[in-house]
2 protein chains.
Amino acid sequence: MARLPEYLRALHALAEVGHETVSSEGLANAAGVNSAKLRKDLSHLGSYGTRGVGYDVGLLVDQIEFVLGLTQRRAVALVGVGNLGHALAGYDGFASRGFRIAALLDAEPSRVGEQINGLVVRHIDELPRVAVEESISIGVIATPASAAQAVADQLVAVGVTSILNFAPCVLSVPEGVDVRKVDLAIELQILSFHEHRKASLTALPATGGSALTALPGGLAATDTQEAIGT
Amino acid sequence: MARLPEYLRALHALAEVGHETVSSEGLANAAGVNSAKLRKDLSHLGSYGTRGVGYDVGLLVDQIEFVLGLTQRRAVALVGVGNLGHALAGYDGFASRGFRIAALLDAEPSRVGEQINGLVVRHIDELPRVAVEESISIGVIATPASAAQAVADQLVAVGVTSILNFAPCVLSVPEGVDVRKVDLAIELQILSFHEHRKASLTALPATGGSALTALPGGLAATDTQEAIGT
DNA sequence: AGGCGCTTGTGAAGGGGTGCACAAATCGCG
DNA sequence: CGCGATTTGTGCACCCCTTCACAAGCGCCT
Ligand SMILES: NC(=O)c1ccc[n+]([C@@H]2O[C@H](COP(=O)([O-])OP(=O)(O)OC[C@H]3O[C@@H](n4cnc5c(N)ncnc54)[C@H](O)[C@@H]3O)[C@@H](O)[C@H]2O)c1
Ligand SMILES: NC(=O)c1ccc[n+]([C@@H]2O[C@H](COP(=O)([O-])OP(=O)(O)OC[C@H]3O[C@@H](n4cnc5c(N)ncnc54)[C@H](O)[C@@H]3O)[C@@H](O)[C@H]2O)c1
């Protein structure tokens with residue numbers, strides 16, 4: 001389930017406040033989901049709750065971390081140390097969530113050798129060696145879209161089977177390799193769609209509808225994420 | 001539909017190569033989806049295809065951009081010009097996709113006045129004035145999680161009804177306000193889950209299963225995104 | 001003008017996620 | 001020891017998305 005990481009973050013937050021147990025409703029609120037959904041999700045990994053009491057925070061953290069494969073600190077290779085790559089390399093939020101940025105790679109000779117956060121940028125050609133030395137488990141692509149497919153091929157060639165892609169393009173990879181994409185422009189466009197839809201809906205009853213703005217109202221706003229009412 | 005932006009990007013790419021028309025299958029491949037799904041999606045916004053020929057690229061681009069509300073270039077306010085904020089502010093991919101970063105805001109006095117990409121960082125207190133001056137339509141939060149809720153409240157207060165949140169926390173906003181979240185650690189954790197699952201599945205037939213690794217195999221890998229086979 | 005091939009648009013079937021509502025189980029208290 | 005309050009785990013119904021498959025429509029070639 002893609003919601004487990006969300007639960008995990010909420011659980012860590014609760015643990016810091018001192019909670020030892022949480023009810024499904026409490027955790028559901030903290031994670032922003034339905035309590036029934038949360039219980040069903042957790043039941044998929046076993047019965048780790050106590051009826052009448054709730055869930056043991058520490059136990060649940062361990063269980064989720066195990067299921068997510070975070071018992072071992074996974075090594076991440078970041079390819080493309082440009083604008084975005086610098087921000088990612090300097091981010092400490094990965095280390096605190098079970099990951100270790102083990103390598104920074106770039107094709108630009110002028111960038112090679114640069115030191116960021118205690119890590120030296122190495123040339124992409126060294127990827128095969130770095131991959132085995134650091135036992136890379138996840139590759140992050142932060143190169144321009146034109147280079148993304150080539151980089152993905154190189155990552156796959158050295159045995160990486162999980163890729164996080166920031167370039168706005170679709171990657172073609174062999175079966176068995178997982179790719180997740182993060183495209184910020186798409187996120188903004190989805191928000192723009194909702195803005196347009198909201199504007200149309202409020203304008204319609206007043207103006208009677210201009211026939212131009214009537215169209216978006218007929219589209220279901222089926223997103224991956226939903227608005228959170230208060 | 002959350003896939004429309006993906007189609008739009010693929011269409012732009014096809015237009016640059018010189019294609020005037022595309023078949024549903026061609027566009028589906030470029031966007032990485034099923035052709036039937038694509039046809040059904042497009043049918044929701046009207047019949048803009050010609051049987052036996054395909055879709056007119058230019059016409060389809062216009063239609064999708066209209067539905068997404070991209071006919072007007074939306075103004076974006078970026079709050080939190082730190083590590084990540086700098087990368088976002090310097091990114092040219094927003095401008096080419098229908099958005100305009102209209103304001104950079106931060107609470108840190110030492111950051112105020114800094115110039116990035118021709119834009120001056122202003123203090124967060126100026127948000128009310130900036131919002132009306134630039135007619136801000138979307139707010140982007142790139143502050144630490146501890147400040148995210150406060151920033152969201154300020155954005156809502158000045159009339160922003162769409163927020164893109166990079167801070168790893170759930171935001172509580174009034175009904176009618178849309179929030180989308182991007183959490184990179186969660187993306188990595190989902191990849192880690194798949195790594196763990198793959199490792200378990202390949203180990204099981206060989207070793208007979210260690211009962212410890214058997215658990216994740218029973219979890220459906222139900223993600224927002226799916227692996228792309230070749 | 002007519003036929004043929006290609007592509008769209010859609011009906012129907014299937015699958016899966018979601019949320020309600022409730023039984024079972026546990027703890028605390030009298 | 002028993003009872004009530006509380007909370008988990010889950011059966012079930014509903015709904016939406018996905019996908020197959022096919023008829024209808026369009027252009028082109030003869
Ligand atoms: N900057 C952002 O905020 C942002 C936001 C969303 C998406 N993106 C996307 O992220 C990607 C990177 O953006 P950026 O702003 O950092 O671009 P950038 O040009 O600043 O950095 C790209 C880096 O990749 C390196 N590179 C190019 N080809 C390479 C190759 N074959 N192997 C290894 N390294 C290679 C370049 O040397 C450069 O250092 C782009 O696809 C962009 O669309 C960036
Ligand atoms: N850097 C990354 O690559 C990255 C990746 C994923 C997520 N994030 C998340 O993005 C957020 C920002 O990350 P960062 O690395 O840029 O942090 P950062 O500390 O470098 O930058 C945060 C900025 O926000 C400003 N700020 C703090 N409180 C504010 C307020 N109330 N109003 C306006 N501005 C305020 C600070 O002055 C600072 O400039 C964090 O929540 C982080 O978890 C960052």
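All chains are named by letter (A, B, ...) in the order of the sequence lines, taking the proteins before the strands, and each is independently numbered beginning at 1.
- The interatomic distance linking B/N34 (CG) with C/dT7 (P) rounds to 16 Å, in whole Å.
- Rounded to whole Å, the distance from CG on A/L27 to C1' on D/dT8 is 13 Å.
- At a non-hydrogen distance threshold of 4.0 Å, A/V22, A/S23 from residues 10-23 of chain A come into contact with DNA chain D.
- Phosphate contact (OP1/OP2 of D/dT7, side-chain N/O of A/S24, threshold under 4.0 Å): absent.
- Note on the helix from C/dA1-D/dT30 to C/dG30-D/dC1: terminal axis deviation equals 0°, with five pairs used at each end and the result rounded to 10°.
- The closest donor-acceptor contact from the side chain of A/R9 to the backbone of B/P168 lies under 3.5 Å.
- Protein atom CG of B/D41 is 10 Å distant from nucleotide atom P of D/dC17, rounded to whole Å.
- Partners of A/F94 according to the ring pair (Phe, Tyr, Trp, His ring centres under 6.0 Å) rule, which considers only residues two or more places apart in sequence or in another chain, are A/Y91.
- Between A/Y55 and D/dG9 there is a side-chain N or O to OP1 or OP2 distance below 4.0 Å.
- For the side chain to side chain contact (heavy atoms under 4.5 Å, CB included) test, residues two or more places apart in sequence or in another chain that qualify with B/A147 are B/T143.
- Annotation: salt bridge (Lys or Arg N to Asp or Glu O under 4.0 Å) contacts of A/K40 (sequence neighbours excluded): none.
- No engagement by A/S35 is indicated, since no non-hydrogen atom pair under 4.0 Å with the nucleic acid exists.
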Listing, residues 67-74 of chain A side-chain donor-acceptor contacts under 3.5 Å, not counting sequence neighbours, or none:
{"from": "A/R73", "atom 1": "NH1", "to": "A/A95", "atom 2": "O", "distance (Å)": "2.9"}
{"from": "A/R73", "atom 1": "NH1", "to": "A/F99", "atom 2": "O", "distance (Å)": "3.2"}
{"from": "A/R73", "atom 1": "NH2", "to": "A/A95", "atom 2": "O", "distance (Å)": "3.2"}
{"from": "A/R74", "atom 1": "NE", "to": "A/G69", "atom 2": "O", "distance (Å)": "3.2"}
{"from": "A/R74", "atom 1": "NE", "to": "B/S192", "atom 2": "OG", "distance (Å)": "2.7"}
{"from": "A/R74", "atom 1": "NH1", "to": "A/S137", "atom 2": "OG", "distance (Å)": "3.2"}

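- Regarding A/R3, its CZ atom lies at a distance of 9 Å from the P atom of C/dG17, rounded to whole Å.
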Sub-3.5 Å pairs of nitrogen or oxygen atoms, protein against nucleotides 26-28 of chain D:
{"from": "D/dC26", "atom 1": "O4'", "to": "B/R51", "atom 2": "O", "distance (Å)": "3.3"}

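- Residues passing the salt bridge (Lys or Arg N to Asp or Glu O under 4.0 Å) test with B/R51: none are found, sequence neighbours excluded.
- In this structure, the CG atom of B/L42 is 11 Å from the C1' atom of C/dG9, given to the nearest Å.
- Under a 4.0 Å N-O distance rule, the pair A/K181/B/E6 qualifies as a salt bridge.
- Applying the side-chain hydrogen bond (donor to acceptor under 3.5 Å, both in side chains) criterion to A/D56, with sequence neighbours excluded, gives no partner residue.
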Enumerate the protein-to-nucleotides 11-14 of chain C contacts in which both atoms are nitrogen or oxygen and the separation is below 3.5 Å.
{"from": "C/dG11", "atom 1": "O6", "to": "B/K40", "atom 2": "NZ", "distance (Å)": "3.3"}
{"from": "C/dA12", "atom 1": "N6", "to": "B/K40", "atom 2": "NZ", "distance (Å)": "3.3"}

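- When distances are taken from the side chain of A/K37 to each of C/dG19, D/dA21, D/dT8, the shortest belongs to C/dG19.
- Between the CE atom of A/M1 and the P atom of C/dG16 there is a distance of 11 Å, given to the nearest Å.
- Here the closest non-hydrogen pair linking A/Y48 and A/L45 is CE1-O, 2.8 Å.
- Legend: side chain to side chain donor-acceptor pair (under 3.5 Å) pairs involving residues 15-25 of chain A, not counting sequence neighbours, sorted by first then second residue: A/S24-A/R39.
- Scanning all heavy atoms of the two residues, the minimum distance from A/D153 to A/S172 falls at OD1-O, 4.2 Å.
- When the P atom of C/dC27 is taken as reference, atom CG of A/D56 falls 13 Å away, rounded to whole Å.
- Using modelled atom types and a 3.5 Å distance limit, the side chains of A/E195 and B/T161 yield a donor-acceptor pair.
- Listed by chain and number, the residues in a side-chain hydrogen bond (donor to acceptor under 3.5 Å, both in side chains) with A/Y7 are A/R3, A/D41 (sequence neighbours excluded).
- Rounded to a whole Å, the CG atom of A/L60 is 14 Å from the C1' atom of D/dG9.
- At a threshold of 4.0 Å, the pair B/R97-A/D183 counts as salt-bridged, since one of the basic side-chain nitrogens sits closer than that to a carboxylate oxygen.
- The shortest distance between the side-chain N/O atoms of B/R39 and the OP1/OP2 oxygens of D/dC22 is not below 4.0 Å.
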